A.B. asks: 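Below you will find the structure I want to go over with you.
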Amino acid sequence: MVLILAETQKGKFKKTSLEAVTYGDKTAQLLGMESVALVLGSASGLEELGKYGATKVYHVPNQSLDNFDSQVYAAVISEAARQVGAKVIIFSHSALGKSTAGRVAVRMNAGSVSGVNALPTVDGGAFRVKKGVFSGKAFAEYELKSDVKVLSLMGNSIPVAGGGEPAPVEELNLDVPPARVTVKKLERVEGITPLPEAELVVSAGRGMKGPEHWNIIEELAEVMGATTACSRPVADTGWRPHHEHVGQTGIAIRPNLYIAIGISGAIQHLAGVNNSKTIVVINKDPEAPFFKAADYGVVGDLFDVVPRLTKAMKQFKAE
Amino acid sequence: MKLLVCVSKTPETTAKIAFTNNNAEFDSSGVQYIMNPYDEWYALVRALELKEALGGSVTIINVGPAANETIIRKGLAIGADEAVRIDAEPHSALYVAQQIAEYAKGEQFDIVFLGKESIDYNGSEVGPMVAELLGLPFISHATKLEMEGDIALIEADIDGGDAQLEVKAPFVVSAAKGLAEQRIPNMRGIMMAKRKPLAVKPPVAMEDLSVAVHFTLPPEKGDVKLIDPENMEELVRLLHEEAKVI
Ligand SMILES: Cc1cc2nc3c(=O)[nH]c(=O)nc-3n(C[C@H](O)[C@H](O)[C@H](O)COP(=O)(O)OP(=O)(O)OC[C@H]3O[C@@H](n4cnc5c(N)ncnc54)[C@H](O)[C@@H]3O)c2cc1C
């Protein structure tokens, strides 16, 4: 059995969780197993996960699970995994996955790989799976030798497969230990796809000269439905919020499209973004190192080029 | 407060990444090493600030060979009181976590700090594993941490936002940007570090369940296609028709 933890946010399954369910289903097919999903806490529309490949959805509905505590989650997920006989347990490489997958690996005596970016291969009994290492500068293939395996899936690594049938839902009655971490408040940036999930990203750097010019970046992002990001010095000087900082010491992302505006392309910046499918660089300096990592380049003054690009995008959207 | 900071050694951020032995091993020849930035800049400094404000001690622990002592001494120079090195190659996250937990078990630390991830294997796994092995709460990606008695008020990054959390010590926490400001060791710190205790302990034996067996480099990018800055309609067309990303 392959067990996938599906996370919800505001009553809807997160895109990264739908990717994980798709990934779990494909992994199960490789292993000749079934894939089932697990949902913790208040949630509705659970049968929907069947459309993405889950043959069954288990639900632990205890409201206390709406307060996330990795220790409690690890205990509940491990117990559910034992009850259903899970051999592979899959998380998203999300904030929740990052703090829980390692705990579950310890509890289940499982080998684990975090942030995998491709389906596993099973060759003569050897279970191998790939992930990005050295902040995107290389890939490593891991071999897992344990009976039970724990994986967390990097966002945007696999397209979500829809089109299946709704799945039956079964409640699991499990002991939920008391939480030791209390969530006092959650603040989410409203209406914007978080960076790790974003398919389109518009990012800007020190070439912007100051925070007062960011309206041209926001306008382009809005027309495209993209999420905004920035380079480290921009976040360090407080021009932009630090959760927009991408790179080796920021968030590592792999969107379909990364547009870098007024960013030189230092190796530490590239580390977090060079696995993007397509990279566009807009820079007035033809020698900027970023052009070597780009698919499309525009040599020009961003203050002219960006408004022109926004206009062209608007036209394209209108057609 | 009794504080433990886990530090790892990583290649310097501009290091050329290459592999040897049929791409089965990282090629360390000519590579400069640093203390993992998240451990040094945020975890260690926040621990030192807490000690300065509330009293207590800061111990740093590293799982690694004798060559790692340069990094450990740097941590002492920045201000940690003492250090422990577990004398073993850090093969996997679980292996490292087991060694740290084995040491921490007998010591009753109030807080165990680590960086949110190491910049080489980018796992974010050691923290939650140490917490589970010690039976402690774990908070990841902390950007703010204040103590009120034995209660910690923590702000942490979550996907697309942040969370305000409360937890009673003892606990394990991983540090993200914002938790503290980088400190540069001064001459006095460097001199004092030479005399601070650095204990070397043997590892506990365990089996690795997950091992990296093969490495690859990303495919080389082809040449960049330059677009006339006057003609952004052409860029949009290419993104739609050729790259198929919009
Ligand atoms: C340990 C370590 C970790 C780091 N981690 C990160 C990280 O995670 N992320 C990160 O981003 N950086 C990181 N850095 C910093 C990195 O080395 C660079 O300093 C940083 O990325 C540069 O940011 P930038 O490109 O915005 O600014 P700059 O390097 O100043 O580049 C600005 C660019 O804008 C262009 N420009 C200026 N005006 C215009 C205009 N009018 N029109 C068009 N183009 C214009 C310039 O030609 C230039 O290329 C790290 C550094 C270290 C040492």
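What you see is a predicted model; the values in this text were computed from it and never measured. Chain identifiers are assigned alphabetically (A, B, ...) following the order of the sequence lines, protein sequences preceding nucleic acid strands; residue numbering begins at 1 within each chain.
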A.B. asks: How many angstroms lie between NE2 in A:His243 and CD1 in B:Ile158, if you round to the nearest 0.5 Å?
C.D. replies: 10.5 Å
A.B. asks: Using heavy-atom distances under 4.5 Å, tell me whether B:Ile227 contacts chain A through its side chain, its backbone, both, or neither.
C.D. replies: both
A.B. asks: For residues A:Arg180 and B:Leu136, determine if any side-chain heavy atom of one lies less than 4.5 Å from a side-chain heavy atom of the other.
C.D. replies: yes
A.B. asks: If you count heavy-atom pairs within less than 4.5 Å of chain B, which of A:Gly297, A:Gly300, A:Ala110 leads?
C.D. replies: A:Gly297
A.B. asks: Among all residues two or more places apart in sequence or in another chain, which pass the side chain to side chain contact (heavy atoms under 4.5 Å, CB included) test with B:Ile71?
C.D. replies: B:Lys9, B:Tyr33, B:Met35
A.B. asks: Is chain B contacted by the side chain of A:Asn109, its backbone, both, or neither, given a heavy-atom distance below 4.5 Å?
C.D. replies: both
A.B. asks: Between A:Gln71 (side chain) and B:Gly135 (backbone), is there a donor-acceptor pair under 3.5 Å?
C.D. replies: yes
A.B. asks: Does some side-chain heavy atom of A:Gln248 sit less than 4.5 Å from a side-chain heavy atom of B:Pro37?
C.D. replies: no
A.B. asks: Considering only heavy atoms, which portion of A:Lys14 lies under 4.5 Å from any heavy atom of chain B: side chain, backbone, both, or neither?
C.D. replies: side chain
A.B. asks: By a 4.5 Å heavy-atom criterion (distance strictly below it), what part of B:Leu238 contacts chain A: side chain, backbone, both, or neither?
C.D. replies: both
A.B. asks: To the nearest 0.5 Å, tell me how far B:Leu235 CG sits from A:Tyr296 OH.
C.D. replies: 8.0 Å
A.B. asks: Measuring heavy-atom distances to chain B, does A:Val72 have an atom under 4.5 Å in its side chain, in its backbone, in both, or in neither?
C.D. replies: neither
A.B. asks: I'd like to know if the side chain of A:Gln268 pairs up with that of B:Thr13 as donor and acceptor (distance under 3.5 Å, no hydrogens or angles considered).
C.D. replies: yes
A.B. asks: Please state whether the side chain, the backbone, both or neither of A:Asp236 comes within less than 4.5 Å of a heavy atom of chain B.
C.D. replies: both
A.B. asks: Given heavy-atom pairs under 4.5 angstrom as the criterion, report whether the side chain, backbone, both or neither of B:Gln98 touches chain A.
C.D. replies: neither
A.B. asks: Between A:Lys311 and B:Met232, does a side chain to side chain contact (heavy atoms under 4.5 Å, CB included) hold up when you go through it step by step?
C.D. replies: CA-CA 8 Å; A:Lys311 196 168 147 237; B:Met232 284 301 98; over 6 Å; no
A.B. asks: Select one option (side chain, backbone, both, neither) describing which atoms of A:Ala105 are under 4.5 Å from chain B's heavy atoms.
C.D. replies: side chain
A.B. asks: Kindly compute the distance separating NZ (A:Lys292) from NZ (B:Lys221), expressed to the nearest 0.5 Å.
C.D. replies: 14.5 Å
A.B. asks: Given a strict heavy-atom distance threshold of 4.5 Å, which part of B:Lys225 is in contact with chain A: side chain, backbone, both, or neither?
C.D. replies: both
A.B. asks: Can you tell me how far the CD atom of B:Glu125 sits from the CZ atom of A:Arg103, to the nearest 0.5 Å?
C.D. replies: 13.5 Å
A.B. asks: Going by the angle between their ring planes, with limits at 30° and 60°, are A:Phe134 and B:Phe26 parallel, tilted or perpendicular?
C.D. replies: parallel
A.B. asks: Test side chain to side chain contact (heavy atoms under 4.5 Å, CB included) on B:Ile17 and A:Val133; report intermediate values, then the result.
C.D. replies: CA-CA 10 Å; B:Ile17 302 301; A:Val133 289; over 6 Å; no
A.B. asks: Heavy-atom distance under 4.5 Å to chain A: side chain of B:Ile154, backbone, both or neither?
C.D. replies: neither
A.B. asks: Just how far is it from atom CG of B:Leu165 to atom NZ of A:Lys185, taken to the nearest 0.5 Å?
C.D. replies: 12.5 Å
A.B. asks: What part of A:Asp69 gets within 4.5 angstrom of chain B, counting heavy atoms only: side chain, backbone, both, or neither?
C.D. replies: neither
A.B. asks: Kindly compute the distance separating CD (A:Gln9) from CG (B:Asp159), expressed to the nearest 0.5 Å.
C.D. replies: 7.5 Å
A.B. asks: Please look at B:Asn231 and chain A and tell me whether the side chain, the backbone, both or neither of the residue comes under 4.5 angstrom of a heavy atom of that chain.
C.D. replies: neither
A.B. asks: Could you tell me which portion of A:Ala293 (side chain, backbone, both or neither) has an atom closer than 4.5 angstrom to a non-hydrogen atom of chain B?
C.D. replies: backbone
A.B. asks: Any heavy-atom pair between the side chains of A:Glu143 and B:His214 that's under 4.5 Å?
C.D. replies: no
A.B. asks: Go through the atoms of A:Leu195 and report whether side chain, backbone, both or neither lie under 4.5 Å from a heavy atom of chain B.
C.D. replies: neither
A.B. asks: Identify the residues of residues 111-120 of chain B whose heavy atoms come closer than 4.5 Å to a heavy atom of chain A, ordered by number, or report 'none'.
C.D. replies: B:Lys116, B:Ile119, B:Asp120
A.B. asks: Which region of A:Lys149, side chain (C-beta onward) or backbone (N, CA, C, O), has a non-hydrogen atom less than 4.5 Å from a non-hydrogen atom of chain B, or is it both or neither?
C.D. replies: neither
A.B. asks: So for B:Phe171, is it side chain, backbone, both, or neither that comes closer than 4.5 Å to the heavy atoms of chain A?
C.D. replies: neither
A.B. asks: Taking the side chain as everything from C-beta on, heavy atoms only, tell me whether B:Pro128 gets closer than 4.5 Å to A:Thr100.
C.D. replies: no
A.B. asks: Checking A:Lys317 against chain B: side chain, backbone, both or neither under 4.5 Å from a heavy atom?
C.D. replies: neither
A.B. asks: Between B:Leu153 and A:Lys184, does the side chain to side chain contact (heavy atoms under 4.5 Å, CB included) criterion hold? Intermediate values first, please.
C.D. replies: CA-CA 9 Å; B:Leu153 307 174; A:Lys184 292 283 175 192; over 6 Å; no
A.B. asks: So for B:Thr143, is it side chain, backbone, both, or neither that comes closer than 4.5 Å to the heavy atoms of chain A?
C.D. replies: side chain
A.B. asks: Do you know which two heavy atoms are closest between A:Gly111 and B:Leu209, and how far apart they sit?
C.D. replies: CA-CB, 3.5 Å
A.B. asks: If you look at every heavy atom in A:Tyr142 and B:Ala212, which pair is closest and at what distance?
C.D. replies: CD2-N, 3.6 Å
A.B. asks: With a 4.5 angstrom heavy-atom cut-off, could you sort out which part of A:Glu199 is near chain B: side chain, backbone, both or neither?
C.D. replies: neither
